[in-house]
Amino acid sequence: MTRSTKRKAADEEAFRKRLKAHGLKVTGQRLAVHGAMMSLVHASAEQVRERIGSSCRISLASVYNILSELADNNIYSRRLSTNNKMYFDVFPERHVHLYDTRNNEYLDIEGQDLLDTIEAGLKRHRFRGYKIDGFDIQILCHPTRKKLL
């Protein structure tokens, strides 16, 4: 589920180019995984496998391996939920998430001002013995009312 994002996930042609740029073959299974992720945006391997359905013969382990490989190559990103399940995100670039701890759902929010403020604050601090590689913002939340059907 995505909220108020202006970004668009890579269409199939852009995805093919990204695969090739990382030395990965374009396969039917990778395309099926990406097709499912295009509609899901944030998903576990189980959710992707379910979305693919019978349109492509692929095991859950293969879906997980493909998603992990895409995250390892910064084509997707990954998130670990509070229920210890790995979720993948079609947007690898830095952005802010709301994480619904009751429903285990991620929502993208526009938060460039928040990212800029944190980055500026980090530049003013030193962490002895460490070099900051980046940061990741995940705001934990829960619904204040029942889900509308």
Side-chain angles (χ1 to χ4, degrees), residues 1-27 29-52 58-145 147:
M1 183 183 301
T2 302
R3 182 171 291 164
S4 71
T5 185
K6 296 174 185 160
R7 296 168 296 157
K8 290 191 174 190
D11 64 18
E12 186 176 312
E13 188 55 37
F15 180 69
R16 287 172 179 266
K17 288 178 182 176
R18 284 185 182 175
L19 289 175
K20 290 176 183 177
H22 288 279
L24 301 172
K25 290 182 181 178
V26 176
T27 66
Q29 290 184 336
R30 286 188 178 124
L31 293 175
V33 166
H34 183 65
M37 283 297 294
M38 289 281 292
S39 62
L40 295 167
V41 181
H42 303 95
S44 66
E46 291 87 355
Q47 292 168 318
V48 171
R49 176 65 198 98
E50 184 178 312
R51 179 59 58 105
I52 291 170
I58 186 170
S59 70
L60 177 59
S62 292
V63 170
Y64 184 82
N65 290 338
I66 289 169
L67 290 167
S68 293
E69 182 177 46
L70 295 173
D72 290 345
N73 283 284
N74 202 34
I75 296 170
Y76 288 174
S77 62
R78 59 170 64 96
R79 314 207 56 79
L80 183 61
S81 67
T82 58
N83 67 348
N84 290 321
K85 187 177 275 194
M86 188 64 64
Y87 285 79
F88 296 86
D89 185 345
V90 294
F91 299 113
E93 53 283 327
R94 185 174 66 188
H95 60 285
V96 178
H97 287 101
L98 282 180
Y99 173 64
D100 177 342
T101 57
R102 290 196 183 146
N103 297 302
N104 295 303
E105 294 178 341
Y106 289 93
L107 304 165
D108 287 340
I109 60 172
E110 296 299 323
Q112 189 59 48
D113 57 336
L114 181 58
L115 293 170
D116 293 343
T117 300
I118 291 172
E119 188 168 36
L122 285 171
K123 287 180 180 178
R124 293 189 303 265
H125 290 81
R126 292 189 184 183
F127 301 95
R128 191 176 183 148
Y130 292 93
K131 180 184 180 295
I132 302 298
D133 295 325
F135 58 91
D136 182 36
I137 299 175
Q138 178 169 292
I139 301 167
L140 304 178
C141 63
H142 67 272
T144 55
R145 59 186 174 161
K147 272 190 158 181

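- Applying the salt bridge (Lys or Arg N to Asp or Glu O under 4.0 Å) test to pairs two or more places apart or on separate chains, those with a residue in residues 113-122 are R94-E119.
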Item to check | Full working for side-chain contact (heavy atoms from CB on, under 4.5 Å) between F15 and V26 | outcome: CA-CA 9 Å; F15 180 69; V26 176; over 6 Å; no
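- E69 contributes atom CD, which lies 4.5 Å from atom CG of L24 (distance to the nearest 0.5 angstrom).
- Take Q29 and apply the side chain to side chain donor-acceptor pair (under 3.5 Å) test, not counting sequence neighbours, and it matches no residue.
- The salt bridge (Lys or Arg N to Asp or Glu O under 4.0 Å) pairs that include a residue from residues 124-135 number zero, where partners must be two or more places apart or lie in different chains.
- The side chain to side chain contact (heavy atoms under 4.5 Å, CB included) test with P92 singles out one residue from N73, N74, L70, and that residue is N74.
- No side-chain heavy atom of L80 sits under 4.5 Å from any side-chain heavy atom of Y87.
- Scored by the salt bridge (Lys or Arg N to Asp or Glu O under 4.0 Å) test, R79 finds D136 as partners (sequence neighbours excluded).
- What you find for S77 and A71 is that their closest heavy atoms are C-CB, 4.2 Å.
- Between atom CG of residue L107 and atom CG of residue D100 there is a gap of 7.0 Å, rounded to the nearest 0.5 Å.
- Minimum interatomic distance between P143 and R102 (heavy atoms only, all atoms of both residues): O-NH1, 3.6 Å.
- Residues R30 and V33 fail the side-chain proximity criterion, which asks for heavy atoms closer than 4.5 Å.
- Using a distance-only test at 3.5 Å, with no hydrogens or angles considered, a donor-acceptor pair links the side chain of R49 to the main chain of I58.
- Aromatic ring pairs are classed by plane angle as parallel below 30°, tilted from 30° to 60° and perpendicular above 60°; the pair F91 and H95 is perpendicular.
- Between Y106 and H97, a ring centre-to-centre spacing shorter than 6.0 Å is recorded.
- With hydrogens and angles disregarded, no donor-acceptor distance shorter than 3.5 Å links the side chain of S44 to the backbone of M86.
- Remark: M38 engages A9, H34 in a side chain to side chain contact (heavy atoms under 4.5 Å, CB included) (not counting sequence neighbours).
- Contact of the L114 side chain with the I109 side chain is not registered, since no non-hydrogen atoms from C-beta on lie closer than 4.5 Å.
- Rounding to the nearest 0.5 Å places CG of D72 at 11.0 Å from CG of L67.
- Taking OH of Y76 as the start and CG of D89 as the end, the distance is 10.0 Å to the nearest 0.5 Å.
- Rounding to the nearest 0.5 Å places CG of N103 at 11.0 Å from CG of N83.
- Between the CD1 atom in I75 and the NZ atom in K17 there is a gap of 14.0 Å [rounded to 0.5 Å].
- Here S68 pairs with Y64, R78, F88 under the side chain to side chain contact (heavy atoms under 4.5 Å, CB included) rule; sequence neighbours left out.
- Atom CZ of F127 sits in a crowded spot, with more than 12 heavy atoms from other residues, nucleotides or ligands closer than 6.0 Å.
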